[in-house]
Amino acid sequence: MDDPWATFGRDLHLDLSGSGGVRTSLMRALREAVRTGRLAPGTRLPSSRSLAADLGIARNTVADAYAELVAEGWLSARQGSGTRVARRAEPLRPAPPARRAAPARVPDRPRYDLRPGTPDVSAFPRAAWLAASRRAITAAPSEAFGYGLPLGRPELRTVLADYLARARGVRTDPERILISTGFMQGLGLLARALRGAGVRELGSEAYGLHFHRDVLTRAGLRSVPLPVDPYGADTERLADLTGVRAVLLTPAHQFPTGVPLHPDRRAAVIDWARSTGGLVLEDDYDGEFRYDRQPVGAVQGLDPDRVAYLGTASKSLAPALRLAWMVLPDHLVEPVLALKSTGEWQTAALEQLTLAEFLSSGAYDRHVRGMRLRYRRRRDQLVSALAGQAPHIRVSGIAAGLHVVLELPPGTEQSVVQAARWQGLALEGLSSFAHPAAADGGTPRDALVVAYGRPPEHAFAGALEALLRVLPPVP
């Protein structure tokens, strides 16, 4: 009968190179032999004396390695039976060969992307952010490197209170500002707090992002659509919705139609909230990017006790920062804070400190001003190109934000989106943002939502040309 170790030694060629010492290398090599099936379950290993002599290492090294692998479950040792590969140590089975997919007829990754939701991330101010980070970390107190506070760093909340008052007309103090890890976390916390207070139905704009509605649904709230027209959401309808006790709005620049909420409707929603004890959730979408005049102030400034204001750095800086904030009415601070304190992810303290320094140094204002000019140039290029080459396509929502809406002939939206995909251009139709309970969004229309702010600078001209190629011709 062959010596089993002789076969083992010829086949495996244990490699004891690598970091960690001889014992660690031996254990690593034996684990790999078992994991891959080169040492089958039940295989008897040589004695520690034999293996030590074969490898030219100390016997105690082999004995210690065997003992530790027995403790880990890779090997088993019984008196009179020697050391063997454990029966339960199943080798790693090779994965079945992947089936070759049919060649994709449409590129998985578009050449140009004009879908809304993301700014030009190539314009992120890396050097200025890095400089602010160095200053912030150098000046940070030692406790800032701990697990953090659910409410957020006081340095950022203090600076934000001043900035929001100056730039957005928000009335608050640092104790009513809560820092969250992105807008979605903030909305989820608010929705759960409302559910805990007995709210069951919440009004939302008939056009909006489906994953915002999903957050509300997961919190146990039913969203009721409000029609959207050229004056924004029809907040006067709230008086007829007796079960609705809160409403989510994008008053500065309605997403995605791009219209600001009319002053009469801003007043109407505040009157509704005061008379019913309701709450307005204000998503300040694109509030800082307005081109024709000064930005419209936040609705929160009209009544801080009836409006919860939500803002984010995702559009002004970059989504990767995962920095957002909520300005809460006094009566919601404790309920929301209690929810965030019980298992919610805390927002990274060092990024908060960096943003605080970025704001207080004036770098944020300079960046926003620069991006406002860049986005306005792109908007003007788009409007000019449409006027010259597709004058039959009406453009709306151009006063602010990072996208516009292009009105299409009836029945052409889906065909245009599909034609764009064939040319490597990613587009989204207006219908994809409609509330499922209001299929027409309040105003039946075929349209495209075109995010001119998304492409990097070098790609915008090509994206614009691709867009013009797929628009329907003059009827």
Side-chain angles (χ1 to χ4, degrees), residues 108-110 113-119 121 178-195 199-226 228 232-233 244 246-258 279-287 308-326 336 339-340 343-345 347 397 401-403 405 413 417 426-442 447-451 453-454:
D108 292 332
R109 184 169 184 173
D113 198 339
L114 292 175
R115 293 172 296 185
T118 301
V121 293
L178 184 144
I179 308 301
S180 61
T181 306
F183 176 87
M184 296 282 280
Q185 184 191 44
L187 180 60
L189 288 168
L190 268 173
R192 286 154 53 194
L194 290 172
R195 185 67 171 80
V199 176
R200 297 296 181 270
E201 293 186 333
L202 179 146
S204 64
E205 296 162 331
Y207 283 116
L209 292 167
H210 70 85
F211 42 82
H212 291 176
R213 294 190 292 268
D214 293 343
V215 168
L216 302 175
T217 301
R218 287 195 295 271
L221 300 179
R222 174 177 172 264
S223 65
V224 179
L226 291 176
V228 174
V244 171
V247 60
L248 174 63
L249 301 173
T250 52
H253 188 234
Q254 200 282 324
F255 182 87
T257 64
L279 181 73
V280 180
L281 282 64
E282 179 178 12
D283 175 4
D284 197 22
Y285 187 84
D286 287 347
Y309 173 94
L310 296 95
T312 174
S314 293
K315 303 300 183 297
S316 57
L317 286 168
L321 294 179
R322 311 311 306 139
L323 287 172
W325 44 87
M326 291 187 288
V336 174
L339 288 169
K340 196 169 188 285
E344 288 285 336
W345 289 107
T347 308
L402 308 181
H403 71 273
V405 176
E413 179 184 305
V417 172
L427 288 174
E428 286 195 81
L430 184 61
S431 63
S432 65
F433 299 100
H435 193 294
D440 63 358
L448 299 175
V449 182
V450 177
R454 181 168 188 155

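Scope of the values below: all heavy atoms of this structure, side chains included, with no hydrogens, waters or symmetry mates.
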So if I apply the side chain to side chain contact (heavy atoms under 4.5 Å, CB included) rule between Leu448 and each of Val417, Val405, Leu430, Leu114, which one comes out positive?
Val417
Arg218 and side chain to side chain contact (heavy atoms under 4.5 Å, CB included): which single residue from Leu216, Leu221, Val215 fits?
Val215
[X] versus [Y], closest heavy-atom pair with distance:
| X | Y | answer |
| --- | --- | --- |
| Pro116 | Val449 | CG-CG1, 3.7 Å |
| Ala451 | Arg115 | CB-O, 3.3 Å |
| Pro436 | Arg213 | CD-NE, 3.7 Å |
| Ala308 | Leu279 | N-CD1, 4.0 Å |
| Ala206 | Val228 | N-CG2, 3.8 Å |
| Leu339 | Ala193 | CD1-N, 3.5 Å |

Applying side chain to side chain contact (heavy atoms under 4.5 Å, CB included), run through Ser314 and Arg322 and close with a yes or a no.
CA-CA 7 Å; Ser314 293; Arg322 311 311 306 139; 4.0 Å; yes
Would you compute the distance between atom [atom1] of [X] and atom [atom2] of [Y] and round it to the nearest 0.5 angstrom?
| X | Y | atom1 | atom2 | result |
| --- | --- | --- | --- | --- |
| Arg454 | Asp113 | CZ | CG | 3.5 Å |
| Tyr309 | Leu281 | OH | CG | 13.5 Å |
| Glu282 | Leu248 | CD | CG | 10.5 Å |
| Leu178 | Met326 | CG | CE | 4.5 Å |
| Asp283 | Ser204 | CG | OG | 12.0 Å |
| Leu310 | Phe183 | CG | CZ | 5.0 Å |

Between [X] and [Y] (side chain of the first, backbone of the second, donor and acceptor by atom type, cut-off under 3.5 Å), is there such a pair?
| X | Y | value |
| --- | --- | --- |
| Ser223 | Leu202 | no |
| Glu205 | Gln254 | no |
| Ser180 | Leu323 | no |

Go through the steps for Thr347 and Lys340 under the test side chain to side chain contact (heavy atoms under 4.5 Å, CB included), then give the verdict.
CA-CA 10 Å; Thr347 308; Lys340 196 169 188 285; 4.1 Å; yes
Begin from the C-alpha positions of His435 and His210 and carry the test side chain to side chain contact (heavy atoms under 4.5 Å, CB included) through to its verdict.
CA-CA 7 Å; His435 193 294; His210 70 85; over 6 Å; no
Residues passing the ring-ring contact (aromatic ring centres under 6.0 Å, His included) test with His253, sequence neighbours excluded, are His403
Stepwise side chain to side chain contact (heavy atoms under 4.5 Å, CB included) check, Thr312 with Leu321:
CA-CA 10 Å; Thr312 174; Leu321 294 179; over 6 Å; no
Are the side chains of Glu428 and Pro256 in touch, meaning some heavy atoms are under 4.5 Å apart?
no
